[in-house]
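Everything on this sheet refers to the single structure shown next.
Along the sequence shown, residues carry numbers from 1. Hydrogens, waters and symmetry mates are skipped; everything else that's a heavy atom, side chains included, is used.
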Amino acid sequence: MSTSFTLAQDHAPNVPVAGKNRARLAAVGVFLASLGLFSLPAGSALAAEALKAQTIPAGADNFYKSDSVTVQKVSFKNQYNMQVTGNLVTPKNLNRQAKTPAIIVGHPMGAVKEQSSMLYAQKLAEQGFITLAIDLSFWGESEGQPRNLVAPELYTEAFSAAVDYLGTTDFIDRDRIGVLGICGSGGFSISAAKIDPRLKAVATISMYDMGAVTRNGLKHSVTLEQRKALLVKAAEQRYTEYTTGKGIFLSYLPAQPTAETDPVTREFWDFYRTPRGIAIPEGMTLEQTQNRMLTSEVRFMNFYPFNDIESISPRPLLFITGDQAHSKEFSEDAFQRATEPKELYYVKGAGHVDLYDRADLIPWEKLTDFYQKNLK
């Protein structure tokens, strides 16, 4: 695959939200009605439909359920002896006497495998791949205390642990394992690929460099003085958490937006706080999902996933981003640093979160072709 910049021009027809999700929409509608987001009777079919129309764009299908795949809950240990949980997705017509290529799918930062990852895992399994959508350590169904802890090294390790599991499964070809990282997992999967040559093909979707954005902000909007002030605040906060035994969560993603909510936060809110993408792990609350502790968030200051990215070559890299995405700077940075073979693919008209779940915008053919060519 040669170096190239690509702008997608054509998209598949809109894919409507499945009818199976209507009960889920109504249930969440009760919650959002209590916040005053709409005035129709809470839980009514009309209220749910009105909310769906308000918050879910055309083609969005995060909770897609495929009729041609089988989903199996699996778990395995990482090198820290912590259990990592995932969904193994296999085509229903899978020949288990043969060796099939596999793709590990990593969820957006602060999300769980049910948000974006399972859509990709099922769509790729429909093309004949075995896929494994994992929960990173401290998130979803994977082990790790306290919950929602920021631990970049353990996130990276989760991908290698997934390779351990897949590579010792008798119907999977251990020499044909790829990875797909969405948002923050784009950076984590690159971090893993730099030290784990068993990952043979690396693709990212709407990638975030969580290290760079924590240090510098979007478009380098954070000054050195601001960064130092944040570190001072986090360090002082550790005393409080140590003496009380309780972590103090950031609330960057509110339960309800206000007139002052910035466009980027609103974009995430439209996915994580509406029926479009709500997924609340057991034991957590909606307010806790996505939010983290400042005292652990600052660990990203020491996270540099793109350093030495050229060492991944000659294994191929594919960076997919929306041409309207606020995060496209990270895919562009990684592409510039990487060496051949590499490709930067722009999806025309797409923002950052659009590529989480908008099945009409996601370039399925591009992804399928990438893995078919490189996991031969």
Side-chain angles (χ1 to χ4, degrees), residues 5 107-111 116 148-152 155 181-191 204-238 248-273 277 289-309 319-338 344-356:
F5 300 87
H107 57 70
M109 180 60 212
S116 190
N148 297 19
L149 186 76
V150 170
Y155 298 165
I182 305 165
C183 185
S185 279
F188 308 143
S189 61
I190 286 174
S191 179
T204 67
I205 301 289
S206 292
M207 180 166 57
Y208 246 85
D209 178 346
M210 293 304 303
V213 75
T214 305
R215 288 186 297 272
N216 307 317
L218 292 170
K219 299 181 179 178
H220 290 260
S221 57
V222 173
T223 67
L224 177 59
E225 291 71 23
Q226 289 172 318
R227 184 194 311 174
K228 289 181 176 180
L230 186 68
L231 291 172
V232 169
K233 181 179 179 181
E236 287 298 316
Q237 190 168 299
R238 286 185 66 125
I248 302 172
F249 271 38
L250 294 166
S251 296
Y252 90 89
L253 194 60
Q256 183 177 2
T258 68
E260 288 72 40
T261 301
D262 65 89
V264 172
T265 301
R266 179 60 195 239
E267 183 180 2
F268 287 120
W269 189 95
D270 284 339
F271 181 80
Y272 290 111
R273 294 288 186 262
T289 62
Q290 271 290 309
N291 291 320
R292 285 94 70 178
M293 295 174 289
L294 175 63
T295 51
S296 72
E297 189 84 1
V298 293
R299 290 196 184 97
F300 279 137
M301 297 281 190
N302 281 338
F303 183 54
Y304 293 84
F306 301 163
N307 283 6
D308 302 319
I309 192 174
F319 308 103
I320 296 176
T321 184
D323 68 349
Q324 303 301 309
H326 70 261
S327 59
K328 66 180 180 179
E329 63 181 283
F330 303 119
S331 294
E332 292 167 346
D333 182 25
F335 176 77
Q336 290 299 325
R337 294 171 181 244
L344 175 60
Y345 185 87
Y346 291 97
V347 179
K348 185 178 180 181
H352 176 84
V353 173
D354 285 332
L355 298 185
Y356 283 13

Task: From CA spacing to verdict: side chain to side chain contact (heavy atoms under 4.5 Å, CB included), E332, T321 - done: CA-CA 9 Å; E332 292 167 346; T321 184; 5.7 Å; no
Task: Main-chain N/O of R215 paired with R227 side-chain donor or acceptor, under 3.5 Å - done: yes
Open item on the list: Tell me every residue that passes salt bridge (charged side-chain N to carboxylate O under 4.0 Å, His left out) with R238, counting only those two or more places apart in sequence or in another chain.
Closed with: none
- [ ] Please check if the side chain of W269 supplies one atom and the backbone of V264 the other of a donor-acceptor pair under 3.5 Å.
- [x] no
- [ ] Identify the two heavy atoms, one from A350 and one from L355, that lie closest to each other, and give their separation to 0.1 Å.
- [x] CB-CD2, 4.0 Å
Open item on the list: Test side chain to side chain contact (heavy atoms under 4.5 Å, CB included) on N291 and Y272; report intermediate values, then the result.
Closed with: CA-CA 11 Å; N291 291 320; Y272 290 111; over 6 Å; no
TODO: Check for a donor-acceptor pair, side chain of D209 on one end and backbone N or O of G187 on the other, with a separation under 3.5 Å.
DONE: no
Open item on the list: Which label fits F300 and F303: parallel for a plane angle under 30°, tilted from 30 to 60°, or perpendicular past 60°?
Closed with: tilted
TODO: Would you name the heavy atoms of N148 and R292 that are closest together and state the gap between them?
DONE: O-CG, 3.3 Å
Open item on the list: Quick one, R273 with T289, criterion side-chain hydrogen bond (donor to acceptor under 3.5 Å, both in side chains). Give me CA distance, side-chain angles, the key distance, then yes/no.
Closed with: CA-CA 9 Å; R273 294 288 186 262; T289 62; 3.0 Å; yes
Open item on the list: Looking only at the aromatic ring of each residue, does the gap between the centers of F188 and H107 stay below 6.0 angstrom?
Closed with: no
- [ ] Go through the steps for K228 and T223 under the test side chain to side chain contact (heavy atoms under 4.5 Å, CB included), then give the verdict.
- [x] CA-CA 9 Å; K228 289 181 176 180; T223 67; over 6 Å; no
Open item on the list: Please determine whether side chain to side chain contact (heavy atoms under 4.5 Å, CB included) holds for the pair V298 and T214, giving the CA-CA distance in whole Å, both sets of side-chain angles, and the decisive distance to 0.1 Å.
Closed with: CA-CA 7 Å; V298 293; T214 305; 5.7 Å; no
- [ ] Mark yes or no for whether S331, through its side chain, and K328, through its backbone, hold a donor-acceptor pair below 3.5 Å.
- [x] no
Task: N/O donor-acceptor pair under 3.5 Å between Q237 side chain and V232 backbone - done: no
- [ ] Answer yes if the ring centres of H326 and F268 are under 6.0 angstrom apart, and no otherwise.
- [x] yes
Open item on the list: Using modelled atom types and a 3.5 Å cut-off, is there a donor and acceptor pairing between side-chain atoms of N216 and backbone atoms of V222?
Closed with: no
